[in-house]
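Take a look at the structure set out below.
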Amino acid sequence: MGEQQQQQQQSNTDYEDAGSSSTTTTKNPLSARELEWANNPPELIQQHQQTNGSIIRTRFPPEPNGYLHVGHAKSMNMNFRLAFEKLNVPMEDRRTIFRYDDTNPDAETKEYIDSLYQDLTWLGWKPEKTTYSSDNFQTLYELALKLIHKGLAYCCDMTKAEMEIQRELAMKRALARNVGKDPDLEAPIPSPDILPGRNRDTSVERNLEIFQKMKLGMMDEGSWTLRLKMDFESSNPNMYDLVAYRIKFTPHPHAGNGWCIYPAYDFTHGICDSLEDIDYSICTLEFESRREPYYWILWALDMFRPAVYEMSRLNLQYTVLSKRRLLKLVHNHYVRGWDDPRMPTISGYRRRGFTPDIINSFCMDLGATRAANVIEMEKLFNKARTILSDKTQRAMAVLSPILVTITNWDENKDQTMIFEVQNSPTDPSLGSHTVELTSTLYIDATDFRMEDDPDYYGLAPNKAVGLKYHGGNLICDQVISDGANGQVTELKCRLDNTPEKVKPKTHISWVSATLAIPCEIRVYNHLFTVPEPSDLWEEELNTESEIVYENGFVDPSVKDLVDASFVDKWKSNQALQFERMGYFVVDLDTTFNSKTGQGRLVFNRTVTLKEEVFKKKATNVLSKQEEEANTARKLKQKADMEAKEARMKISPKELFQLADEYKGLYSKFDPETGLPTHEADGTELTKSAIKKLKKLQDKHEKELSKWKK
């Protein structure tokens, strides 16, 4: 047996009590909390060894109910590379299966299925094979029958609300036992119909009959489930007779119309791991409490048990990775879609201009540990700058153009006005391009200010600045503004290339007004205004996360690089460095035809340069889009402050009666605590729901305390 497989098997042995932690330590870097159920008997170890030999196999099993995000990128890096490196597995013995964990047809679509494969391929990972959990539906069904025959599964007609009451009662009884109290006194069972449940002792024959009717579509959706007969005395709620099958009259996007009962995730994924001869089943720490059902199911079926390792999930500043919240961002049109450059999805990052090298290198730097932390977004941005700096061609561009007319052009027309520019100042192999200075130019509005000051290096009235690549100075003699709103529309300037010219403090970029290519430039900032979005995350969305400059211009030297025929939503599109501005990428909305010069050219900003461009202070050089964004931001800030002030006048007891977001949701409240007890239609709230509301009330009380200080 290979060293890694010996470690893997060692991690599943030498533990006495099922469900208990062990103090035994191993050298295996992927060892975690051990359980007796995880121990493989010798015959299963031998069978697994005969199948795998020296191979060590992992799997990457996303659910096709959304797009992959950067958290999945970390998981891919772990399953395709880092886990093997931790285990010192030779390259020739590394195998990773890409599996669609497709057990919920209500949430899965062909769009999601296709996107998962495209994203994985784009990132460069090459699975041993691609599988679907749904391809095992018949096997899973037969294994469910096996559990029924063994008396370890039963059909149950309890409603969701009844199951929740059952679960809460079992939890209270477990808590009492854990502190040495009598559960029959602390949490007495009102009726055996609740705990252990009215269906738990149904005969095998009756369960087989009902399960067959469920499979044939003879039972209503939601009326029956198949549950596993586990352990209601466990301290782990995941052992309270999990649902293994439920009825859903929904066609499956991969398996088709052949099934109306579908296996649950907890029942499916461990079995599929075993069927696929997985050695290491790697997931994130929120699944740690699911070790017990994972191993219990495989123990009950006498199947090989892979080693399970949980690592911390990726938490990234200024974003959310919850699939529920990502869905809401898309469905509520807070963003353009799943591939919006502000989204943390792989498709969004690709559209923003992040490359596979950037994402994979970022994930590799993060590593994989069990310590929870929040990663600074700047780490990803710095990684992007480092990689893009060596590979992207430079070009000049303007976001918000101001027209410059050179008044002494005729005096300089005999000078050379075409200049050769290196595509990269550090890599001659990237070649060069030319730029041409003409009598009319565009400079960016950030490079002009009506009032000069000693700390400002840009252009101002009666001031000289250098022009990049020309070598001379540009001096502003006259400012022409729109009389209606004071917006600067044109600058009358002259060139000074004399030996006596003033040494400028900076050289500004420019594009020819007659040769430059019109373009739309989208500047992206953080999606949220706070590093760690709270439960009120929708109120923390950044109104300036996307600023669109519809009237930008770019140097014509990029014309042949940005043709729409090169643009592909599943590939990395052309990246450029706009000098003194940042790194940009051609967007999918581009329709530009480089031969005719027609069509729309759109760029997205990937990241800024390390050094920011000059900041504007005078409002008369702001673009219309910036003015509107600033106005919207100020109005939102004012509204947010007013809402917060109003909210801070509400006592915790009155929160759910007076706060705007809760008005009309509840009809009855506890007279002592103020917590809701009934929904607006009179339905009584479950204890679990009230518990969640209590957490919100406690949070409000803390915020109120901070506010008063």
Side-chain angles (χ1 to χ4, degrees), residues 58-83 96-104 107-134 253-254 265 269 272 281-284 286-287 311-316 319-331 335-364 366 368 375 377 380 383-384 527 568-573 585 588 606:
T58 63
R59 86 287 186 270
F60 174 61
E63 300 172 66
N65 56 3
Y67 278 57
L68 295 181
H69 56 62
V70 66
H72 292 108
K74 179 184 176 183
S75 177
M76 280 185 269
N77 182 71
M78 179 66 171
N79 281 288
F80 281 90
R81 177 166 59 178
L82 186 55
T96 302
I97 289 176
F98 171 43
R99 181 200 310 151
Y100 290 99
D101 227 333
D102 55 343
T103 60
N104 183 9
E108 297 159 4
T109 66
K110 188 176 185 304
E111 175 191 355
Y112 296 150
I113 291 173
D114 292 342
S115 73
L116 266 58
Y117 175 79
Q118 294 285 357
D119 286 343
L120 178 135
T121 302
W122 176 72
L123 284 172
W125 302 120
K126 296 180 180 179
E128 176 187 12
K129 59 182 176 179
T130 298
T131 64
Y132 294 78
S133 293
S134 58
H254 177 70
Y265 171 83
H269 81 284
C272 288
S281 177
I282 302 170
C283 56
T284 48
E286 63 263 35
F287 292 96
M311 63 179 180
S312 62
R313 64 177 296 168
L314 176 60
N315 295 303
L316 197 58
T319 192
V320 292
L321 297 180
S322 158
K323 196 161 288 184
R324 178 181 60 82
R325 293 184 176 184
L326 294 177
L327 277 165
K328 199 166 187 180
L329 284 170
V330 174
H331 293 164
V335 294
R336 295 173 182 266
W338 282 102
D339 64 351
D340 186 292
R342 292 164 291 182
M343 290 282 278
T345 56
I346 303 302
S347 289
Y349 277 5
R350 178 170 52 246
R351 188 172 181 179
R352 182 161 175 162
F354 293 120
T355 64
D357 283 349
I358 293 170
I359 297 172
N360 291 334
S361 180
F362 170 69
C363 292
M364 197 63 184
L366 294 179
I375 305 302
M377 183 68 82
L380 175 60
K383 179 63 66 175
L527 183 56
D568 188 327
K569 69 177 295 184
W570 300 117
K571 295 181 180 178
S572 295
N573 291 311
V585 66
L588 303 179
T606 307

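No hydrogens, no waters, no symmetry mates; every other heavy atom, side chains included, goes into these values. From a predicted model like this one, the values you see are computed outputs, not experimental measurements.
- Of the possible polar contacts, one joining the Asn360 side chain to the Leu123 backbone as a donor-acceptor pair under 3.5 Å is found.
- With Asn65 contributing its side chain and Ala107 its backbone, the two residues share no donor-acceptor pair below 3.5 Å.
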Derivation of the side chain to side chain contact (heavy atoms under 4.5 Å, CB included) call for Arg99 and Ser133:
CA-CA 7 Å; Arg99 181 200 310 151; Ser133 293; 3.4 Å; yes
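- Arg352 contributes a side-chain N or O that, together with a main-chain N or O of Thr606, makes up a donor-acceptor pair within less than 3.5 Å.
- For the ring pair (Phe, Tyr, Trp, His ring centres under 6.0 Å) test, residues two or more places apart in sequence or in another chain that qualify with Phe98 are Tyr100.
- Asp340 places no side-chain N or O within donor-acceptor distance of the main-chain N or O of Gly348, the cut-off being under 3.5 Å.
- Here Glu128 pairs with Arg57 under the salt bridge (Lys or Arg N to Asp or Glu O under 4.0 Å) rule; sequence neighbours left out.
- Shown here are the salt bridge (Lys or Arg N to Asp or Glu O under 4.0 Å) partners of Arg350, two or more places apart in sequence or in another chain: Asp119.
- No side-chain donor-acceptor contact under 3.5 Å links Ser572 to the backbone of Thr355.
- Atom CH2 of residue Trp570 and atom OG of residue Ser115 lie 5.0 Å apart, to the nearest 0.5 angstrom.
- A perpendicular orientation is assigned to the rings of Tyr349 and Phe354, their planes being inclined by more than 60° (bins at 30° and 60°).
- Once rounded to the nearest 0.5 Å, the distance linking CD1 of Ile346 with CG of Asp339 reads 12.5 Å.
- The distance from the CG atom of Asp357 to the CE atom of Met364 is 13.5 Å, given to the nearest 0.5 Å.
- Annotation for Gly66 and Leu116: closest pair O-CD1, 3.3 Å, computed over non-hydrogen atoms.
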Please lay out, stage by stage, how Thr131 and Arg59 fare under the test side chain to side chain contact (heavy atoms under 4.5 Å, CB included).
CA-CA 10 Å; Thr131 64; Arg59 86 287 186 270; over 6 Å; no
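- From Thr345, atom OG1 reaches atom CH2 of Trp338 across 7.5 Å, with rounding to the nearest 0.5 Å.
- Legend: residues meeting salt bridge (Lys or Arg N to Asp or Glu O under 4.0 Å) with Lys126, ordered by chain and number and at least two apart, are absent.
- Residue Ile113 holds its CD1 atom at 12.0 Å from OG1 of Thr130, rounded to the nearest 0.5 Å.
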Can you list the steps and then say if Phe60 with Leu120 is a side chain to side chain contact (heavy atoms under 4.5 Å, CB included)?
CA-CA 10 Å; Phe60 174 61; Leu120 178 135; 3.8 Å; yes
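- Inspection of the Thr284 and Glu286 side chains reveals an N or O donor paired with an N or O acceptor under 3.5 Å.
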Show every donor-acceptor pair shorter than 3.5 Å between a side-chain atom in residues 70-79 and any protein atom, with sequence neighbours excluded, or say none if there are none.
unit_1, atom_1, unit_2, atom_2, d
His72, ND1, His69, N, 3.0
Lys74, NZ, Ser312, O, 2.7
Ser75, OG, Asn79, ND2, 3.3
Asn77, OD1, Arg81, NE, 3.3
Asn77, OD1, Arg81, NH2, 2.9
Asn79, ND2, Ser75, O, 3.0

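- Residues passing the ring pair (Phe, Tyr, Trp, His ring centres under 6.0 Å) test with Trp122: none are found, sequence neighbours excluded.
- Nearest heavy atom pair, residue Thr96 against residue Thr58, reads OG1-OG1, 3.0 Å.
- The environment of OH in Tyr117 is sparse: at most 12 heavy-atom neighbours from other residues, nucleotides or ligands sit within 6.0 Å.
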Trace of the side chain to side chain contact (heavy atoms under 4.5 Å, CB included) decision for Phe287 with Ile282:
CA-CA 10 Å; Phe287 292 96; Ile282 302 170; over 6 Å; no
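- For the 3.5 Å distance criterion, the side chains of Tyr112 and Glu63 fail to qualify, holding no donor opposite an acceptor.
- Heavy-atom minimum distance, Ala368 versus Leu82: N-CD2, 3.6 Å.
- The nearest pair of heavy atoms linking Val320 to Pro344 is O-CG, 3.3 Å.
- With values rounded to the nearest 0.5 angstrom, Asp114 atom CG is found 8.5 Å from Thr109 atom OG1.
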